[in-house]
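One structure below.
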Amino acid sequence: MRRIVMLFVLILSVLASNAQKKKNIIYPEVYFDSTQAKKALGIGKGTIEGRAYTKPRNGYGFKAPLANKIYASNSTVILLPVTPYFDAWYALRKKKEGKKTTVYMSDEAYRWRLEARTDEEGRFTFDKMLPGRYFLQVIIGYSTRYTQNVYSGSGYNSYGRTDYYTPQDYYVDHSERAEDFVDVKEDGEIVKVKLH
């Protein structure tokens, strides 16, 4: 029996590995200008203040509008300057990304980013920003608790044989991508954003 279980686990890992290999990865076919990205991330006087959160999804995959917010606690928010290369990447992602296709940007383009860490309530800040257009993104991880009845044995009572069930909790992990564009219009401006 143990050999059958081990064989089954091996087959599953091979299938998962093959599924990963079959995923199509594409990149924008546009030249990345590092000088332009470096200039966009220069030191200014603007500030971007934000809060990152999501809401749990219901059984149909939609966010429950009246549910409590789940804050992106101790998460990394990335900021990318919106350049022609970024525009090409974003348009390609909207058009092509799906279950079988992932759209990446080049390592060099991704290198030109800023990062901020959120606090316990999802707040983050990017300071010393120049006027310009930026893209913010954070991955919010959370778990949802569910309860199911699990068979715990059987016995006899005055009605005959009876099966007994005990409520048992289980958790499902989720990962949500929250992102938005932000415009700093004037040097010294404070821009507030909700990232959800």
Side-chain angles (χ1 to χ4, degrees), residues 1-26 49-80 89-90 92-105 110 113 115-125 135-182 192-196:
M1 180 68 175
R2 186 174 176 172
R3 283 186 177 176
I4 293 172
V5 170
M6 290 177 68
L7 181 61
F8 182 68
V9 169
L10 179 63
I11 290 170
L12 284 178
S13 66
V14 168
L15 290 174
S17 175
N18 287 341
Q20 283 291 90
K21 289 177 186 174
K22 290 181 182 177
K23 191 150 187 164
N24 188 24
I25 297 172
I26 56 176
E49 294 178 352
R51 199 164 199 188
Y53 63 89
T54 189
K55 292 195 174 187
R57 294 185 181 272
N58 61 24
Y60 301 103
F62 298 106
K63 289 185 181 180
L66 301 178
N68 291 332
K69 293 175 183 173
I70 300 168
Y71 294 108
S73 174
N74 299 312
S75 301
T76 301
V77 180
I78 65 164
L79 178 147
L80 294 160
W89 169 80
Y90 191 76
L92 189 62
R93 194 184 79 167
K94 283 182 76 173
K95 184 177 180 182
K96 298 280 188 176
E97 193 168 70
K99 289 183 179 179
K100 293 186 177 180
T101 304
T102 301
V103 179
Y104 286 156
M105 61 176 59
Y110 188 69
R113 71 187 188 279
E115 294 184 352
R117 197 80 178 156
T118 62
D119 67 10
E120 293 294 322
E121 295 184 353
R123 289 184 288 255
F124 62 90
T125 302
F135 177 76
L136 302 177
Q137 183 186 79
V138 62
I139 304 300
I140 305 171
Y142 65 96
S143 295
T144 306
R145 185 178 77 180
Y146 298 94
T147 303
Q148 66 181 0
N149 289 324
V150 177
Y151 176 76
S152 58
S154 61
Y156 291 91
N157 59 25
S158 59
Y159 299 104
R161 183 182 162 175
T162 301
D163 291 331
Y164 296 102
Y165 294 86
T166 304
Q168 188 175 68
D169 291 339
Y170 67 98
Y171 295 85
V172 176
D173 292 332
H174 305 277
S175 183
E176 299 277 343
R177 183 169 67 188
E179 53 193 29
D180 202 359
F181 290 91
V182 178
K192 296 189 183 290
V193 62
K194 293 179 181 177
L195 199 56
H196 57 92

Checklist entry - Is there a side-chain contact between I70 and P56, using heavy atoms and a 4.5 Å cut-off? => result yes
Checklist entry - Would you call K192 and E49 a side-chain contact if the rule is heavy atoms closer than 4.5 Å? => result yes
Checklist entry - Just wondering, are more than 12 heavy atoms of other shown residues or ligands nearer than 6.0 Å to CG in N68? => result no
Checklist entry - Taking the six-membered ring of F124 as reference, does the NZ or CZ atom of R117 fall below 6.0 Å from its centre and within a 45° cone about the axis? => result no
Next on the checklist: Can a donor-acceptor pair be found, under 3.5 Å and without considering hydrogens, that links the side chain of K55 to the backbone of P65?
Outcome noted: yes
Item to check | Least distance between heavy atoms, R93 atom then V103 atom | outcome: CA-CG2, 3.8 Å
Next on the checklist: Tell me whether the rings of H196 and Y53 are parallel (<30°), tilted (30 to 60°) or perpendicular (>60°).
Outcome noted: parallel
Checklist entry - Between Y142 and Y71, does a ring-ring contact (aromatic ring centres under 6.0 Å, His included) hold up when you go through it step by step? => result CA-CA 9 Å; Y142 65 96; Y71 294 108; over 10 Å; no
Next on the checklist: Do V182 and L136 have side chains that approach each other closer than 4.5 Å (heavy atoms only, starting at C-beta)?
Outcome noted: yes
Checklist entry - Of all heavy-atom pairs between I139 and S75, which one has the smallest distance, and what is that distance? => result O-OG, 4.0 Å
Next on the checklist: For a 4.5 angstrom cut-off between non-hydrogen side-chain atoms, does V193 reach D180?
Outcome noted: yes
Checklist entry - Hey, are the side chains of E179 and F135 touching, using non-hydrogen atoms and a 4.5 Å cut-off? => result yes
Next on the checklist: Looking at every non-hydrogen atom in both residues, tell me the closest pair between D163 and S154 and how far apart they are.
Outcome noted: OD1-CB, 3.3 Å
Item to check | Within-4.5 Å side-chain heavy-atom neighbours: K96 and L92 | outcome: yes
Checklist outcome for this item: Minimal heavy-atom distance between T102 and Y104, with the atoms involved, is CG2-CE2, 3.2 Å
Checklist entry - Any donor-acceptor pair under 3.5 Å linking the side chain of R51 with the backbone of E121? => result yes
Item to check | L80 side chain reached by M105 side chain, heavy atoms, under 4.5 Å | outcome: yes
Item to check | Side chains of V77 and T118 in contact at under 4.5 Å (non-hydrogen atoms) | outcome: yes
